[in-house]
Protein chains: 2
Amino acid sequence: MKKIIDNPNDVVDEMVSGMSKAYPQYIRRIPQTDALVRANEASMTGKVGLVSGGGSGHEPTHAGFVGKGMLSAAVCGQVFTSPTPDQIYAAIKAADHGNGVFLIIKNYSGDVMNFEMAMDMAEMEDIKVKSIVVDDDIAVENSTYTQGRRGVAGTILMHKILGAAAQNGASLAEIEELAKQVLPNIKTIAVALSAATNPETGKPGFTLKDDEIEYGVGIHSEPGYRVEKIKPANELVKELLGKLDNELKLDSAKKYAVLVNGMGATPLMEQYVFTNDLFNQLNERGLKPVFTKVGNYMTSLDMAGISLTMLEIQDDKWFEYLNTPVETIAW
Amino acid sequence: MKKIIDNPNDVVDEMVSGMSKAYPQYIRRIPQTDALVRANEASMTGKVGLVSGGGSGHEPTHAGFVGKGMLSAAVCGQVFTSPTPDQIYAAIKAADHGNGVFLIIKNYSGDVMNFEMAMDMAEMEDIKVKSIVVDDDIAVENSTYTQGRRGVAGTILMHKILGAAAQNGASLAEIEELAKQVLPNIKTIAVALSAATNPETGKPGFTLKDDEIEYGVGIHSEPGYRVEKIKPANELVKELLGKLDNELKLDSAKKYAVLVNGMGATPLMEQYVFTNDLFNQLNERGLKPVFTKVGNYMTSLDMAGISLTMLEIQDDKWFEYLNTPVETIAW
């Protein structure tokens, strides 16, 4: 393992510290925690708070999306490990400005359990809390750390849409309703070329041969659904798009947002080659996305690979929310 | 070589196509070229045009910085290869709105030669063109493709400062003067953990052992100044900061901007650990940067490593220009 770190056990603490020092205009570290809250206090006044988080190693997720118009706070667990309830509770308290707090949780058993415990703690303090569990990864049912489907890159579109709604003054009940409407329309599927190496363990999460790829791998190196020989980008697109089509029933009369997400070590050049093939194949289906993002958003440390997220935009309001300007490090 | 590409010879064409399809709100491909021009025509009216470019493989540089408040156009050469004069000329023409065009060239012999030829072509068409050659990399004098010092990540700070000045209505002469003032105050130095693999050749640019790093490597895998065993992040920072101090004579009475730049395959987690150590060491010297960016800005495909850029801000106007909002894919 060759990494730019100091003590492997301190990576999350040092990372959180580095983020808060580099970007004090956006984020502030909550003392005695690995949680970060929005620096712009005034932007939270009278609004519902929005909190997300999970294991670290997916940067810029989630802390890169804390700021006006997006998250109020993010909790950084140890690498690929759920944050503890007390840390999540600290983030909820910091995000609460009297109008309640909404939690965006990725569907991993540890996260779900710890966020629920934190909710209980908050409710005992009379903070109103609601939540959604994002399970956008269509690769497999149940997985190493998950009952049901995993939560992956589509979570960021949820952050953005709910963040804009909250900034717009939506109530806690309205945000909960919006989250429930959006959730079944976000689907994601990935392909991996190589695994991430966790700095705390020093080991890659899986191994593939020099000419192999794996479809459907998770963001913590959870197994996917098929290993095969590497293929040209346009065939990878065909495979992933086919899977999304099975779920979303792609329809040229409908509007879609697209997120092409690099897993960490895959150059933007490859991500754009993939995007080009994707647009060509969407075009053949009579589809043209109305909103697109390409880049490293929900990474898995130094994993090589790409995930493809599509969101069927069922309400023009969602489109507007995707396009609302934000003040964050990474959107 | 395991990469998400189709034909290795088409990577740049497909990448440029993918970029223009994904982000039509920012960029438009100039027909029959691999150059991209700002989509917002109105933002260029009455302004000096700003053009940069070079070999591809450094994404999001340069096309990711085309947009209101930053570059007018960017030319994408083949991987690690200078764009041809006719392509640069096409970008100059597209960027010209009657007030002249300023070129930001990274100091590589091929780039300098081809941009100069394009300048001659433009001047024959009565387009006024001025230029600056950025040579911010302090690692070595002369290099595989360079006379003098190489142009690397600091180039992006030049894009940003000149871009804001141009958007503000600065004349061609004023932009040239500003560029000359800023240039000697931008210095960069890198450390690499592993080389990039060029998709056109299929080979890594150099090899290091599993426990080795190299200081001062260039963005096309040009040799650095020392190979040694991997060290903790804080010792890497100490080495790089020492080199920058030799050049900039760091002074707690002065103001600095900092760019911590991932080379492509290095996770943000490592970049922020590095940033934390950097801020601690700057703090020991009584220094606190007034402007900071951390992320993948001037990459070298899938190279693992980090470069550190510091700019001594000699004029508050530069600080203001660094902070002016832009409409680009990647700033």
Side-chain angles (χ1 to χ4, degrees), chain A residues 2-7 10-12 14-19 21-23 56-57 59-60 64 79 191 193-194 196 199 208 210-213 230 232-234 236 258 260 264-279 292-296 299 301-302 304-306 329-330, chain B residues 2-7 10-12 14-19 21-23 56-57 59-60 64 79 191 193-194 196 199 208 210-213 230 232-234 236 258 260 264-279 292-296 299 301-302 304-306 329-330:
Chain A
K2 195 156 54 166
K3 287 186 180 286
I4 300 175
I5 57 174
D6 296 301
N7 185 332
D10 297 337
V11 286
V12 173
E14 292 188 26
M15 175 187 77
V16 170
S17 181
M19 293 187 89
K21 287 170 185 165
Y23 292 104
S56 292
E59 293 68 32
V79 178
V191 60
L193 279 64
S194 67
L208 288 171
D210 280 351
D211 60 352
E212 282 179 351
I213 58 169
I230 178 84
N234 65 53
L236 302 183
V258 162
V260 174
T266 289
L268 276 176
M269 176 176 282
E270 296 176 41
Q271 297 180 41
Y272 279 113
V273 166
F274 179 97
T275 300
N276 185 53
D277 288 322
L278 172 66
F279 272 71
T292 308
K293 293 280 257 188
V294 181
N296 299 339
T299 63
L301 293 169
D302 51 358
I306 282 179
I329 300 170
Chain B
K2 195 155 54 166
K3 286 185 181 287
I4 300 175
I5 58 173
D6 296 301
N7 185 332
D10 297 337
V11 286
V12 173
E14 292 188 27
M15 173 186 78
V16 170
S17 182
M19 294 187 90
K21 287 169 184 165
Y23 292 104
S56 292
E59 293 69 31
V79 178
V191 60
L193 279 64
S194 66
L208 288 170
D210 280 351
D211 61 351
E212 281 178 352
I213 58 169
I230 178 82
N234 67 52
L236 303 184
V258 163
V260 174
T266 289
L268 275 176
M269 177 177 280
E270 296 176 41
Q271 297 179 41
Y272 280 112
V273 167
F274 179 97
T275 300
N276 186 53
D277 288 321
L278 173 66
F279 271 70
T292 308
K293 293 280 258 187
V294 181
N296 298 338
T299 64
L301 293 168
D302 51 358
I306 282 179
I329 300 170

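Chain identifiers are assigned alphabetically (A, B, ...) following the order of the sequence lines, protein sequences preceding nucleic acid strands; residue numbering begins at 1 within each chain.
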*What residue in A:T266, A:D277, A:T275 has the most heavy-atom pairs under 4.5 Å with chain B?*
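Between A:T266, A:D277, A:T275, the count favours A:D277.
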*Determine the option with the most heavy-atom pairs under 4.5 angstrom with chain B, choosing from A:V258, A:L236, A:L193, A:V294.*
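Among A:V258, A:L236, A:L193, A:V294, the one with the most close pairs to chain B is A:L193.
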Structural part of [X] lying under 4.5 Å from a heavy atom of chain B:
X	answer
A:I329	side chain
A:N7	neither
A:N296	side chain
A:P199	side chain

Any side-chain heavy-atom pair of [X] and [Y] under 4.5 Å:
X	Y	answer
A:V273	B:D6	yes
A:I306	B:I4	yes
B:K21	A:N276	yes

*B:E270: what forms a salt bridge (charged side-chain N to carboxylate O under 4.0 Å, His left out) with it, not counting sequence neighbours?*
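Applying salt bridge (charged side-chain N to carboxylate O under 4.0 Å, His left out) to B:E270 gives A:K3.
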*What's the spacing between A:D302 CG and B:D302 CG if we round to 0.5 Å?*
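So the CG of A:D302 and the CG of B:D302 are separated by 11.5 Å.
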May I ask you to name which of [options] has the most heavy-atom pairs under 4.5 Å with chain A?
options	answer
B:V12, B:V16, B:I230, B:I5	B:I5
B:G264, B:G295, B:S17, B:S194	B:S17
B:G305, B:P232, B:A233	B:A233
B:A304, B:P267, B:A330, B:G64	B:P267
B:M19, B:K293, B:E59, B:Q271	B:M19

*Considering only heavy atoms, which portion of B:T299 lies under 4.5 Å from any heavy atom of chain A: side chain, backbone, both, or neither?*
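For B:T299, there is no contact with chain A at all, as no heavy atom is under 4.5 Å.
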*Would you say the side-chain atoms of A:Y272 pair up with the backbone N or O of B:A22, donor to acceptor, closer than 3.5 Å?*
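No; zero donor-acceptor contacts below 3.5 Å.
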*asked:* So if I apply the side chain to side chain contact (heavy atoms under 4.5 Å, CB included) rule between B:K2 and each of A:L208, A:D210, A:D211, which one comes out positive?
replied: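 Exactly one option meets the side chain to side chain contact (heavy atoms under 4.5 Å, CB included) with B:K2, and it is A:L208.
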*Closest approach of B:M269 and A:G57, non-hydrogen atoms and distance?*
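Shortest heavy-atom contact: CE-N, 3.6 Å.
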